[in-house]
Peer 1: 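One structure, pasted below without further comment.
Lettering of chains follows the sequences in order, A, B, ..., and the numbering in each one begins at 1.
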Protein chains: 2
Amino acid sequence: MAEYDELESLISQGRKHGVRKRIILLQAARLFVEKGYADTGIDDIGAAVGVSGPAVYRHFPGKQAILLALIELSLERLREGTQAALVDQDREPQKALIALVDWFSRFSVENPDLTLVMQAELLGLPEQDRRRLKRQIRQLSEAWVGLLIEVRPELSDLAARIAVTSVMGMATSVLAARLSSDTRALSVHLRAQMLAVLHAPAEP
Amino acid sequence: MAEYDELESLISQGRKHGVRKRIILLQAARLFVEKGYADTGIDDIGAAVGVSGPAVYRHFPGKQAILLALIELSLERLREGTQAALVDQDREPQKALIALVDWFSRFSVENPDLTLVMQAELLGLPEQDRRRLKRQIRQLSEAWVGLLIEVRPELSDLAARIAVTSVMGMATSVLAARLSSDTRALSVHLRAQMLAVLHAPAEP
DNA sequence: GCAAAATGGTAACTACGGTTAACATATTCG
DNA sequence: CGAATATGTTAACCGTAGTTACCATTTTGC
C-alpha cells in the first residue's frame with residue numbers, strides 16, 4: 001500500500017494499539033524529507049501527529065530511534081518487494097530483471113518519503129547502525145547486480161554496479177525534484193529510463 | 001582543476017592572502033560529505049585546516065556561510081563548465097548535448113565533494129537561500145532540457161525533465177556509493193549510461 | 001621599523017532542542 | 001468497580017556546539 005493511502009487509513013482508525021506508532025513513523029518521514037532530519041524537532045513530529053511534544057517518547061525512545069525504525073521499515077519493504085518480484089519468473093533472469101524494474105519504478109513513486117529518507121538521512125545515524133544498514137542496502141543491490149550480469153555476461157563487475165546504483169539514484173533524484181504529481185506518468189517514464197540504463201551498451 | 005589537486009596545490013602555497021579561505025572551503029566540503037553538515041562542527045573544520053576552533057570566523061561569518069559559499073562555488077563551476085561545453089558546437093544541439101555529457105561525467109567524478117554537497121545539504125540552508133539556489137539549479141537543468149527537446153522533439157516536457165534529472169541523479173548516486181577509485185573508469189561508464197538515458201525510447 | 005591590519009589561541013557565553021520528571025487522564029480487563 | 005497500563009501534558013533540565021570576547025602574534029605597507 002502506498003504511504004499516503006496507508007497514513008489516511010491509519011488516521012481513520014482512531015487510537016487503536018500500535019496505530020499511533022505507525023502514524024508517527026509516516027509523519028516523521030514526511031517531515032524528514034521536507035525539512036531534513038536535523039531541522040525537524042521532536043515537537044514538530046508531535047505536532048504533525050496532533051500530540052504536542054514529549055508524548056512521542058511513549059512510542060519511541062528518541063529521535064534517532066524514529067529515523068532508525070524508518071530506514072529499517074524502508075529496507076524491509078524493499079526486501080519484500082524484491083522477493084515478490086522475483087518469484088514466478090521461472091528463473092529466467094531476463095524476465096526477473098524486468099519484473100524488478102516494473103516493481104521498483106512503481107514502489108519508489110508511490111512511497112517517495114520512505115525511498116528518500118533512506119538515502120538522504122543515513123548520516124543521521126550512529127556509526128554502527130549506519131554500517132549495518134549500508135551493508136544491507138549493498139546486499140539488496142547485489143541481487144540486482146547478479147541478475148544483471150546473468151543477463152549481460154559481457155558487463156564488468158564495476159559496470160554492472162554502476163548501472164544498478166544509477167537506477168536507484170534516478171528514482172531518488174526524480175522524486176526529490178517533485179517534477180509532477182502524476183504518479184502514473186512518473187513511474188512509466190522512470191521505468192523506461194531504468195531499462196535503458198540496464199541495457200546501455202558496455203564501454204571497453 | 002579537480003578538487004583534490006587544487007587542495008594540494010593550495011596547501012603548498014603557504015598562507016597567502018585568500019588561500020586559507022579556499023582551503024577551509026574545500027576541507028569543509030570533504031567533511032560535510034563524509035559526516036554530514038549537521039554532524040560537522042566548526043572545530044572539526046578548523047582542525048582539518050590545522051587551525052583549531054574559532055579561527056575559522058576570521059574567514060567566514062559562520063557555519064552556514066561556509067555551506068552557502070560551497071554550494072555557490074559548486075553552482076559557479078557547473079555554470080562555467082556548461083557554457084564552455086556549449087561553445088564551438090556550431091549550434092548543433094546533437095553535438096552540444098554530447099559535449100555536455102562528456103564534460104559533466106568528467107567533472108562530477110573529478111569533483112565529487114562539490115557535486116555531492118550541493119544536492120545533499122541544500123536543506124541546511126535557510127529558506128530564502130535555498131529557494132534562490134534551487135531556482136538557479138533549475139535554470140541550469142533547463143538548458144539541458146531545452147537542448148534535449150531540440151534533439152528529440154517527440155519527447156514531452158515531462159519526459160525530458162525526468163531524463164535530465166535522472167542524469168544528474170546518476171552522477172550523485174554513483175559518487176556517493178564510492179564504487180571505485182578509478183576515476184577514469186567511473187566517468188567513462190557514467191558517460192555511456194547518461195547517453196543511454198537521454199536516448200531512451202519515449203513512452204506514450 | 002612601526003603602525004595597522006590580519007590572523008590565531010583560549011576561555012566564556014548562550015540558545016536551542018533532545019530528554020527527563022512529575023503529575024493527570026483515559027482505557028483495559030479481571 | 002478498580003487496579004494496572006497506556007498515553008498525554010507542562011515544566012524543568014542539561015549537554016552540545018555555534019558564537020563572542022579578549023588578548024597575543026604575525027604580516028603588510030608606508
Peer 1: In whole angstrom, give the distance that lies between atom CG of B/D39 and atom P of D/dA17.
Peer 2: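 The distance from CG of B/D39 to P of D/dA17 comes to 8 Å, rounded to the nearest Å.
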
Peer 1: Answer yes or no: is there a donor N or O on one side and an acceptor on the other, between the side chain of B/S173 and the main chain of A/T165, under 3.5 Å?
Peer 2: yes

Peer 1: Between the side chains of B/Q27 and B/R30, is a donor N or O closer than 3.5 angstrom to an acceptor N or O?
Peer 2: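 There is such a pair (donor and acceptor under 3.5 Å, judged by atom type) between the side chains of B/Q27 and B/R30.
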
Peer 1: Could you work out which one of D/dT20, C/dT7, C/dG18 sits closest to the side chain of A/I42?
Peer 2: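 The listed nucleotide nearest to A/I42's side chain is C/dG18.
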
Peer 1: Could you write nucleotides 9-16 of chain D as a row of B, S and -, 5' to 3', where a protein heavy atom under 4.0 Å of any base atom gives B, of only sugar-phosphate atoms gives S, and otherwise -?
Peer 2: BBB-----

Peer 1: Please report the distance, rounded to the nearest Å, between OH in A/Y57 and P in C/dA22.
Peer 2: 17 Å

Peer 1: Can you tell me how far C1' of C/dG17 sits from CG of A/D44, to the nearest Å?
Peer 2: 10 Å

Peer 1: How long is the line joining CZ of B/R20 and P of D/dT27, in whole Å?
Peer 2: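 B/R20 atom CZ is separated from D/dT27 atom P by 11 Å.
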
Peer 1: Can you measure A/F60 atom CZ to C/dG18 atom P for me and round it to whole angstrom units?
Peer 2: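 Whole-Å distance recorded here is 15 Å.
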
Peer 1: Roughly how many Å is it from CG in A/D43 to C1' in C/dG18, rounded to a whole number?
Peer 2: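 Rounding to the nearest Å, CG of A/D43 and C1' of C/dG18 are 9 Å apart.
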
Peer 1: Can you name the one residue among A/L26, A/V33, A/L70, A/L175 that meets side-chain contact (heavy atoms from CB on, under 4.5 Å) with A/D113?
Peer 2: A/V33

Peer 1: To the nearest angstrom, how far is B/I45 atom CD1 from D/dA17 atom P?
Peer 2: 13 Å

Peer 1: Any carboxylate oxygen within less than 4.0 angstrom of a Lys/Arg side-chain nitrogen, looking at B/R106 and B/D102?
Peer 2: no

Peer 1: State whether the number of non-hydrogen atoms from other residues, nucleotides or ligands found under 6.0 Å of B/R79 atom CZ is greater than 12.
Peer 2: yes

Peer 1: Inspect the surroundings of NZ in B/K134 and state if more than 12 heavy atoms from other residues, nucleotides or ligands are less than 6.0 Å away.
Peer 2: no

Peer 1: In this structure, how many angstroms lie between the P atom of C/dA5 and the NE2 atom of B/H59, rounded?
Peer 2: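 Distance check: B/H59 NE2 to C/dA5 P gives 18 Å.
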
